[in-house]
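These notes concern the structure reproduced below.
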Amino acid sequence: MHFNLRYSMNIQTLLETKVKEGFIILFETTIPSVEFQATRKDFEGDITIVIFPMLRYKKGNPVQIGGSIGKYLVENIEEVVSYNVVKGFLNLVIDDRFYLQSFYTTFNQESYGLCSDSKNVVMVEYSSPNTNKPLHLGHVRNNLLGYSVAEILKASGNKVYKTQIINDRGIHICKSMLAWKKYGNSETPESKGMKGDSFVGFYYVKFNDIYKKEINNLISDGLSEEEAKKQAPILIEAQKMLLKWEAGDPETVALWKMMNEWVYDGFKITYQNLGVNFDTLYYESDTYLLGKDVIEDGLTREVFFKKDDGSVWCDLTDEGLDEKLVLRSDGTAVYMTQDIGTAIQRVKDHSDINGMVYTVGNEQDYHFKVLFLILKKLGFSWAAQLYHLSYGMVDLPSGKMKSREGTVVDADELMQEMTDTAKNISQELGKLDGYSDDEKIDLYRMIGLGALKYFILKVDPKKRILFDPKSSVDFQGNTGPFIQYTYARIQSILRKASFKYDEPVDIAGVSLHTKEKELIKQIELYPDIIQQAAKNFSPALIANYTYDLVKEFNSFYQNVSILGETDETKKTIRVQLASKVAEIIKSAFSLLGIDVPNRM
RNA sequence: GGCCUCGUGGCGCAACUGAAUAGCGCACUGGAUUUCGGCUCCAGCGGUUAUAGGUUUGAAUCCUAUCGGGGUCACCA
């Protein structure tokens, strides 16, 4: 128990100060920093100090220098038991009791790994769908990423507002509206027994079918393809409808409201199934006129300039980019104008915000680069804290998803398929005696969605994903269900552990099994992983960490007996380790938006 | 074509942002349970990190060129 004072300081900080101190004493040289690594499995040791960078300050043989430092550390730090040097790497063996003791400093800590500060306030935007069709696989990735990053930011010490901007107006909605008006026969989602968003999406497809036919007719009448696309009567009609909407025509607005409500009813169900949510909503119909006054203001401050035809531009050539249009010659807004206005509006609505995250696919990289630059030029203090959470596309084996060509993977159907697969597997292998049918249904959903979410989130957001719905998603190896299974198995052990294990044991004289020590090391990484994941906006780091933890646990589980251990102290420690691992799995998975089962 | 981005065993992913013999899963081969849930564990097979140069004590990682994939270059959103 005599290490107590030092546990507040972690071993790495302690080592760093001692290495620096040793360097002065041994070589009369100061070094600015010390580089650490976890010792590779094939060498003896727990923590490794890399000697190479030190050679810049003290010329010499890295093995000799490493040896001197190692000797110094063993002599001056009780926790350092021994050392060995391989090439330029100084491997240190740390006392078992240190690991046990530091395990116990966090053992009873509530919400271990999470940081409760909220000095920084961030708004995270994700999803932001158009309201003319249901959500598809691409939206699924967006939603999972956005939700998870928001949760990670919270866990790492930020206050977070989750938001989305619903693209509820524009030509795409008018297309669905027009097709319904012409061919809908006053049908409703209810009368058809359809989900509202699918119902509206059906008419969007209908519109495109007719549009395509009209184009072909015009082409055979001798028009060029380009001309035909512009002159198709149904398109012209849709454009007229948009103008009517903009003019506030009561009938058009009423139709628009009705159809949007249908879509929202559908989205609500999809979001619920997906397990995502929002703190505040923005609608494009409210924001699409924003931003124009800012452009005027920017014009007087010479952030922008006006061309002869009256259009307004921002010159970004100094930044290596082009000139960018911010206001049309007729004075109307473009996408960029809206985005500028909306960003400003958000800060007005939530005055504590000092940063924003936009979850949008990487095809808009350029747009956000420009948007952020313009906001910076306009002089907003929060403009430095904007982040485009850019993610790669989700491709199918057949290639790109095209909504007009019907090759999209529908979000609702996908979730249903995953749930069905989970059901088939669980019925064969599950231990569900005594579960009611409702409980079973919940469980299948939990596993199916766990598989889907983990599959998508374990990949670095920036990378594109190839998704094969046929071969579906694995349930073995580095997968959500594998991790859920480990959790359920630990719960089974904890149910059987009919003794008290919530207090630290007396660690004097206790020595650790290698597997126990490795497990503790892995457990201790969790808080830092959360910080890294937040810094990199990457749920993938959480996912892969959790998998490593689980693998380490399973290896431990296979190598030592937990409840069968006869030494009471050891048995208690092992149950404690297991319960801590379960706690972290649950915590980490909640950051990914994945639930964990007590049995499966 | 200009700009951006990616290229790691058959397939799917890692590599703490420059360090040890490039890790893991699937698949394949062979093992492990009188034991706490075998959806587990252990081992084997398999890579010149697209190619060619360069910087560095050290490169999958940084620089240059080439090849290949994707994105983007609208008074669309």
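These numbers come from the heavy atoms of this one structure, side chains and all, not from hydrogens, waters or symmetry mates. This is a predicted model, so every value here is computed, not measured. Below, chain A is the first sequence line, B the second, and so on; all start at residue 1.
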*When you look at CD of A:Glu363, are more than 12 heavy atoms from neighbouring residues, nucleotides or ligands closer to it than 6.0 Å?*
yes
*Which comes earlier along RNA chain B counting from the 5' end, the contact point of A:Arg56 or that of A:Lys496, where each point is its nearest nucleotide?*
A:Lys496
*Taking the nucleotide of RNA chain B with the closest heavy atom to each, which residue, A:Lys515 or A:Gly320, is nearer the 5' end?*
A:Gly320
Could you tell me whether [X] and [Y] have their ring centroids closer than 6.0 angstrom?
X: A:Trp245; Y: A:Tyr288; result: yes
X: A:Phe455; Y: A:Phe467; result: yes
X: A:Phe89; Y: A:Phe52; result: yes

*Aromatic stack A:Tyr485/B:rG37: centroid gap under 5.5 Å, interplanar angle under 30°*: no
Output a table of nitrogen or oxygen pairs between the protein and nucleotides 74-77 of chain B separated by less than 3.5 Å.
unit_1	atom_1	unit_2	atom_2	d
B:rC75	O3'	A:Arg328	NE	3.1
B:rC75	O2	A:Ser329	N	3.2
B:rC75	O2	A:Ser329	OG	3.2
B:rC75	N3	A:Ser329	OG	3.0
B:rC75	N4	A:Asp309	OD2	2.0
B:rC76	OP2	A:Arg328	NE	2.6
B:rC76	OP2	A:Arg328	NH2	2.2
B:rA77	OP1	A:Arg328	NH2	3.4
B:rA77	OP2	A:Tyr335	N	3.2
B:rA77	O3'	A:Glu284	OE2	3.2

_The criterion is side chain to side chain contact (heavy atoms under 4.5 Å, CB included); which residues satisfy it with A:Asp528, sequence neighbours excluded?_
A:Gln532
_With a cut-off of less than 4.0 Å, is there a side-chain N or O of A:Lys463 near OP1 or OP2 of B:rU5?_
no
What does [X] touch in the nucleic acid at a heavy-atom separation under 4.0 angstrom: a base, only the sugar-phosphate, or nothing?
X: A:Thr332; value: nothing
X: A:Asn554; value: sugar-phosphate
X: A:Phe43; value: base

_Charged tip of A:Arg141 within 45° of A:Tyr391 ring normal and under 6.0 Å_ = no
_Parallel, tilted or perpendicular: ring planes of A:Phe589 versus A:Tyr454, cut at 30 and 60 degrees_ = tilted
_Which nucleotides of RNA chain B pair, in dot-bracket form (Watson-Crick or G-U under 3.5 Å, | meaning another strand)_ = (((((((..((((.....[...)))).(((((.......))))).....(((((..]....))))))))))))....
*asked:* Does either side chain, that of A:Asn167 or that of A:His172, offer a donor lying less than 3.5 Å from an acceptor on the other one?
replied: no
